[in-house]
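Reviewing the structure listed below.
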Amino acid sequence: MATPNGRVLAANSKACQMFGMTEDELKVKGIEEAGSSNELITALKRKTDLTKTVFTFKRKGGLTFEGEVSISFFGDCDGVTKVSIVIRDVTELRKTDQEFKENEEKYRNLFEHMINGFAYCRIITNKEGEPTDFIYLEVNDAFERLTGIKKKEVCGKKATEAFPGIKEVHPELFGIYARVALSGKPEQFEIYFKPLSIWLSISVYSPKKGFFATVFENTTEQKQNEKKIEEHSEGLELTVASRTQELTETHERLLKAERFAAIGELAGMVGHDLRNPLTSIRNAAYYLNRRRGTSADEKEKLMFEIIDKSVEHANKIIGNLLEYAREITVEIEECTPKSLIDYVLLITQIPVNVKIHDHTEDKPTMWLDANKMERVFINLIQNAVDAMPQGGALEITSEQKGENVDFTFKDTGSGMTDQTKAKIFLPLFTTKAQGMGFGLAICKRIAEAHGGKITVDSILGKGTTFIITLPAEQKMQIQDGRSLILQNPGEQEKSELLP
C-alpha cells in the first residue's frame, strides 16, 4: 500500500522479496527510489487505475524483473487518498512467452518453407462413428507448389468438396486416413492421385485422436524416370536376346556354309573320279548288250535300259555337283528384260493347259550374262509348269525400281508350306521324285553373282511368286580383254552371313 506520491505505507514479504529489500527499506526509499518504472510513478501521480500492466522494475543490486501491476485508488476513513499496488513477478512467464513466440515463428517458418507438402485435417464421422469425410484445416506453401491447388481452395473445405469424386476413385485414402486418425498409428504409402494425375509418396500420422497430418512429396518425375529406366532395361534385354539370337543364327549359317563348302570341295575332288567308273559301266553294258544281239529277251533289254538311265542320272548329279562347286564367271553383254524372256519362252516347251502372260518391258538396257540368266529363267518357268499339272497361268513381269530391275514369275500352282519355302535354295533339297536339288541353289548363286538376289513368296494351294532383283549396271573387271564379274565358289554363302 502506498500514497499517490509514491511513499510506501506497507509491503508484504513477497514484495520485499521482489525488490530485495526489507519492508522498512521500502518505506524509507519509497516506490520511486525502490526501482519502480517511471510509467508507474506517472500513473500514481495522475491517480490512474491500472489493470495487469507490465512494467520493468529494479531489484536491490541492479537486477531487473518484469512485474504485472494492478493499482486502484481509495480513500480511508479520514478522507486520505491511498493506493493499492499489486505486483506479480512475470519475468519467467514473459521469458517463456517470448520463447514460445520465437519457437512458434521458427516452426511457422519451417512449416511454410519445408520442401514437402503438409496438410492438417480432421476426420468427419457419422452418428455411428464411421468416417465419412475429412476437412482440410491447414496446408503449407509446398502443398500449393506440389499439387497446383491454392490454399484458399482447400482450407476449411471437405475433401469431397475440394476434389469432387475423390471418394469414388480413392476409397482407400479415406480408409487409411480414418485408421490413422482413430488408432494413432502412423502409415506410409504411395498412390497415383487420379484427380491431379500425379504420383504421391505420403506419410500420415495423428497428433491427437480424430485429427491427422500428411507429409507428402510429388514423385511423378521419379516414377517416369523409373519407367524409362525399366523400359530401357527391357530394351537392353531384348537387344541382348536379339544379338544372341543373331549370333546363334550366324554361327549356324557359318556351319552350314562350311558344310556346303565341304560339299563343293568333295564334288571337285571325286566328281571326275566318279565319272570314270560310270563311263566304264556304261561301256560295259553297251558291249554286253551288243554281244547279246537279237538273242536277248525283253527282260534283259529292260535291265540294260535301266543301267543306262541310272548311269545317265548319276552323271547328271555329278555334273550339278561340279557346277555348284565351280567358280561362277559372269560374262556380261547388253540386253533388255523382254529380249531375255522372249528367247526363254521360245526354247521352253509350255504345256497347252498352261497360259503364259508376258508383261516384260523392252527397257531399261541391262548388262548381264544372258546365257546364265536365261538358264535361271528357264528353271523358274519349268518349276512353275511342274507346280501346275492340272493347268494354270504363269504371269511374267519386269519393273525398274531405281538402279535395279525386278523380274517376277507368279504362278497359280500348288504353292508351298513355310517349311519347304525355307529350304528350297539349299543344295540337295528337292520335292520332286526325280529332282536332284541343285536347280534353285544354282539359280541363287547366279543371281548373287550379278550382285542381285532371288526371293520367294508362296501360299499353299494358291500359288508361288519368285522375284529376281538384278542391277541394271554392273561393276566390271577386265580379264583377257573381256568384261567380267568374278564370283568365287562358296564365298557368296559366306558373305551373306556377315552382319
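- Between Leu173 and Ile191, some side-chain heavy-atom pair lies under the 4.5 Å cut-off.
- Asp358 and Thr360 are linked by a side-chain donor-acceptor pair at a separation below 3.5 angstrom, with hydrogens and angles left out of the test.
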TODO: Please report the C-alpha distance between Thr220 and Asn218 in whole Å, then the side-chain angles of each, then the deciding distance to 0.1 Å, and finally whether the side chain to side chain donor-acceptor pair (under 3.5 Å) criterion is met.
DONE: CA-CA 6 Å; Thr220 304; Asn218 187 332; 2.6 Å; yes
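- Under the 3.5 Å distance criterion, the side-chain polar atoms of Glu161 are matched with a main-chain donor or acceptor of Lys158.
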Task: Stepwise salt bridge (Lys or Arg N to Asp or Glu O under 4.0 Å) check, Glu230 with Lys227 - done: CA-CA 5 Å; Glu230 184 179 350; Lys227 186 176 181 181; over 6 Å; no
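- For Tyr136 and Tyr120, the gap between ring centers reaches or exceeds 6.0 Å.
- Remark: the backbone N or O of Pro471 is not paired with any side-chain donor or acceptor of His450 at under 3.5 angstrom.
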Task: Verdict with reasoning, Leu394 to Ile381, per side chain to side chain contact (heavy atoms under 4.5 Å, CB included) - done: CA-CA 8 Å; Leu394 173 62; Ile381 292 172; 4.1 Å; yes
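- For Phe407 and Phe377, the gap between ring centers is short of 6.0 Å.
- Between Ile424 and Val456, the closest heavy-atom pair is CD1-CG1, 3.7 Å.
- Looking only at side-chain heavy atoms (C-beta outward), Leu137 and Cys121 stay at 4.5 Å or farther from each other.
- Side-chain rings of Phe65 and Phe57 approach one another, their centers coming within less than 6.0 Å.
- Here the shortest heavy-atom pairing between Gly463 and Ser458 reads O-OG, 3.3 Å.
- Inspection of the Thr132 and Asn126 side chains reveals no N or O donor paired with an N or O acceptor under 3.5 Å.
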Open item on the list: I'd like to know whether Val376 forms a side chain to side chain contact (heavy atoms under 4.5 Å, CB included) with Ile468, so could you lay out the CA-CA distance, the side-chain angles of the two residues, the decisive distance to 0.1 Å, and finally the verdict.
Closed with: CA-CA 9 Å; Val376 172; Ile468 307 286; 4.2 Å; yes
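- In this structure, Met21 and Cys16 have side chains that are not in contact, with every pair of non-hydrogen atoms separated by 4.5 Å or more.
- By the 30° and 60° cut-offs, the orientation of the rings of Phe134 relative to Phe174 is tilted.
- Side chain to side chain, Thr239 and Ser242 fail the donor-acceptor criterion of an N or O pair below 3.5 Å.
- Across Ala449 and Val330, no two heavy atoms sit closer than the pair CB-CG2, 3.8 Å.
- With no hydrogens or angles considered, no side-chain donor-acceptor pair links Thr53 and Glu68 at under 3.5 Å.
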Task: Thr3 and Leu9: CA distance, side-chain angles, deciding distance, side chain to side chain contact (heavy atoms under 4.5 Å, CB included) verdict - done: CA-CA 7 Å; Thr3 63; Leu9 299 175; 3.8 Å; yes
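- Under a cut-off of 6.0 angstrom, the local environment of NE2 in His359 is crowded, with over 12 non-hydrogen atoms contributed by other residues, nucleotides or ligands.
- Lys223 and Trp199 get closest at one heavy-atom pair: CG-CG, 3.6 Å.
- Shown here is Glu403, whose CD atom has no more than 12 heavy atoms of other residues, nucleotides or ligands within 6.0 Å.
- Residues Asp133 and Thr160 bring a donor and an acceptor atom of their side chains to less than 3.5 Å of each other.
- Contact check on Lys151 versus Asp141 returns a salt bridge, with a Lys/Arg side-chain nitrogen under 4.0 Å from an Asp/Glu carboxylate oxygen.
- The two residues Ile176 and Glu187 come nearest to each other via the heavy atoms CG2-OE1, 3.7 Å.
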- [ ] Could you go through the side chain to side chain contact (heavy atoms under 4.5 Å, CB included) check for Tyr177 and Thr214 one step at a time?
- [x] CA-CA 9 Å; Tyr177 291 159; Thr214 63; 3.6 Å; yes
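- Taking all atoms of both residues into account, the shortest heavy-atom contact from Lys58 to Thr64 is CG-CG2, 4.1 Å.
- Ring centroid separation for the pair Phe216 and Phe143 comes in under the 6.0 Å cut-off.
- Around CD of Glu172, the count of heavy atoms belonging to other residues, nucleotides or ligands within 6.0 Å exceeds 12.
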